[in-house]
Amino acid sequence: MNAPVTRRNAVLGIAVAATSLATPSILHAQSAGRVVVVGGGFGGAACARALKRAGANLRVTLIEPNKVFTACPFSNEVIAGLRDIELQQFGYDKLASEGITVIGLAATKIEPQRRTVTTADGAELAYDRLVLSPGIDFHFEGLPGYDDAASEKMPHAWKAGAQTLLLRRQLEAMEDGGTVAIAVPANPSRCPPAPYERASLIAHYLKTRKPRSKVLILDAKDGFSQQRLFEKAWKELYGDMIERVALSQGGRVTSVDPATRTIVTEFGNYTPDVANVIPPQRAGRIAEIAGATDTTGWCPINPVTFESQLVKSLHVIGDACLGGGIPKSASAASSQGKACANAIIGMLAGRAVEAPRLTGVCYNTVAPGYGFSLAGNYQPRGDIFAEVEGGATSPVDAPRELRAREAAEAERWFQTITADTFG
Ligand SMILES: Cc1cc2nc3c(=O)[nH]c(=O)nc-3n(C[C@H](O)[C@H](O)[C@H](O)COP(=O)(O)OP(=O)(O)OC[C@H]3O[C@@H](n4cnc5c(N)ncnc54)[C@H](O)[C@@H]3O)c2cc1C
């Protein structure tokens, strides 16, 4: 039986996990084993925690190089000066206190035949099952001129932390009357609506501090998630402050020159005052090292067990996997982490694994007190997840009270998912 899909359930990602993880006593007897999780973000931390909570005899190790995780959701508010970055940061003490061994290093090598992971200090760990949740890395070959050095001049701010603060400082330093360009990649990419949320919140910052300025979106797509809701909000809140050049208008960015801060598109060149360049993406590099990526750069999986189609005993969750209809979001990663934990526990105990029903909810805040959302349900279909009935999008024509309520719900969603994952 699946839990009904409410936004609260979607927040907790519990449609399958809650029911199937409710039989831990059987698991204790049968499934002592070693599970190593690589990546302590929304997917990996949720998975490690669900594994340990359901299978007390499991030896669960989480490998994550950062002592403090900086969350991307709500990082657009940090960029717009509406929030301190400290509110985005979470440690691993609680996970460690629950019996998860937390190793503060990067995983550098995976040998699937020997079932070992090597960490940056050269130590090897053996596993029975390995979970990869390394998030994204950038596909620099897909954007000539852009690399780590270029990101210091034209920040992506697509991994939260120093890049988030750099973009904020650049906005603060810009003169009134300037242009902020946001280069948006094609899908699949991390959190498809987030570039438009960012454009909105930067417009809010400019409207209140530098009202003669503009936001220019250079887009490798024609349509985008929740487009009608965004465009209505832009008109209502920001007039003509935000301009978008879509793919069919030549908006796709083909190269950049960081020395002159030039963005080259299929239509022409732009030299904005602030250039936020979000490059094309692929699975975190360790997934490629493990041999779990295909030619797309992402990881094909069995969507029932999250096991890699390319590497045995290795599971991939979160942004790194090829999920089909399920968006690359924190909400989905958390839901996948729990369902993957459930699958691993079943596999270690020799039980058949039930197909999961995943949930995802995505809130967008376009100004303080103005939010909307999209909630969806997903089930395995063939090699991917397909969206199934029961999802909900905010109505386009809604009173401002609903927008204010959804903005407050968004903040509650963040509190809930971060407490559920790290707290
Ligand atoms: C601006 C922005 C706004 C967003 N807003 C939302 C939102 O409102 N709602 C929402 O649901 N989602 C949102 N997202 C998306 C969300 O942040 C991601 O989808 C989510 O973090 C994916 O979880 P993950 O576990 O796959 O990766 P991550 O959370 O990125 O975690 C990956 C972890 O793996 C670690 N790692 C990488 N390589 C290694 C290695 N070799 N060894 C050990 N560890 C490694 C990294 O250090 C990192 O901690 C947003 C994203 C952005 C950029």
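Counting starts at 1 for both ligands and their atoms, in listed order.
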With V78 as reference, evaluate L201, L165, T70 under the side-chain contact (heavy atoms from CB on, under 4.5 Å) test and give the passing residue. L165
Checking side-chain contact (heavy atoms from CB on, under 4.5 Å) between H204 and each of L237, L82, V366, which is the one that passes? L82
Taking all non-hydrogen atoms of both residues, which atom of [X] and which atom of [Y] are closest, and how far apart?
X    : Y    : value
G391 : N377 : N-ND2, 3.6 Å
V277 : A183 : CA-CB, 4.0 Å
R190 : D319 : NE-OD2, 2.6 Å
P195 : I182 : O-CD1, 4.2 Å
R244 : G223 : NH2-N, 4.2 Å

Atoms of ligand 1 close to [X] [distance to a heavy atom under 4.0 angstrom, numbered from 1]:
X    : answer
P65  : 43 (C), 44 (N), 45 (C)
K328 : 19 (O)
G39  : 33 (C), 34 (O), 35 (C), 44 (N)
V38  : 40 (C), 42 (N), 43 (C)
G135 : 26 (O), 27 (O), 32 (C)
G318 : 26 (O)
Y363 : 8 (O)

Specify the protein heavy atom at minimum distance from [atom]: its residue, its atom name, and the distance to 0.1 Å.
atom                    : result
atom 41 (N) of ligand 1 : A107 O, 3.0 Å
atom 37 (C) of ligand 1 : P134 O, 3.4 Å
atom 46 (C) of ligand 1 : E64 OE1, 3.5 Å
atom 7 (C) of ligand 1  : P73 CB, 3.6 Å
atom 31 (O) of ligand 1 : G41 CA, 3.2 Å
atom 16 (C) of ligand 1 : A330 N, 3.5 Å
atom 29 (O) of ligand 1 : F42 N, 3.2 Å
atom 13 (C) of ligand 1 : C191 SG, 3.4 Å

Are S75 and ligand 1 in contact, using a heavy-atom cut-off of under 4.0 Å? yes
At a 4.0 Å cut-off, with the gap strictly under it, does some heavy atom of C362 reach an atom of ligand 1? no
Any N or O on G43 sitting closer than 3.5 Å to an N or O of ligand 1?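 Among all N and O atoms of G43, at least one is under 3.5 Å from an N or O of ligand 1.
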Structural part of [X] in contact with ligand 1, heavy atom criterion under 4.0 angstrom:
X    : result
W413 : side chain
S133 : both
I136 : neither
F69  : side chain
S329 : both
R198 : side chain

What's the spacing between R285 CZ and D137 CG if we round to 0.5 Å? 8.5 Å
For the atom pair CH2 (W298) and SG (C321), what is the distance rounded to the nearest 0.5 Å?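 So the CH2 of W298 and the SG of C321 are separated by 9.5 Å.
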Nearest-option assignment for [atom], heavy atoms, candidates [options]:
atom                    : options             : value
atom 1 (C) of ligand 1  : N66, N76, I79, L132 : N76
atom 26 (O) of ligand 1 : I417, D319, L201    : D319
atom 28 (P) of ligand 1 : Q281, R190, E197    : R190

Which is it for V388 and Y378 under the side chain to side chain contact (heavy atoms under 4.5 Å, CB included) test, yes or no, and what are the steps along the way? CA-CA 5 Å; V388 295; Y378 310 88; 5.9 Å; no
Could you tell me how the ring of [X] sits relative to the ring of [Y]: parallel (under 30°), tilted (30 to 60°) or perpendicular (over 60°)?
X    : Y    : result
F42  : F422 : perpendicular
F230 : W234 : tilted
H156 : F138 : tilted

Within the side chain of S133, is there an N or O that forms a donor-acceptor pair under 3.5 Å with the backbone of G318?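 Checking the backbone N and O of G318 against the side chain of S133, no donor-acceptor pair under 3.5 Å is found.
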Salt bridge (Lys or Arg N to Asp or Glu O under 4.0 Å), that's the test. Do D420 and K338 meet it? Break it down for me. CA-CA 11 Å; D420 185 46; K338 292 169 188 175; 2.6 Å; yes
For T293, which residues count as a side-chain contact (heavy atoms from CB on, under 4.5 Å) partner, sequence neighbours excluded?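 With sequence neighbours excluded, T293 shows a side-chain contact (heavy atoms from CB on, under 4.5 Å) to A283, A287, E288, C299, given in chain and number order.
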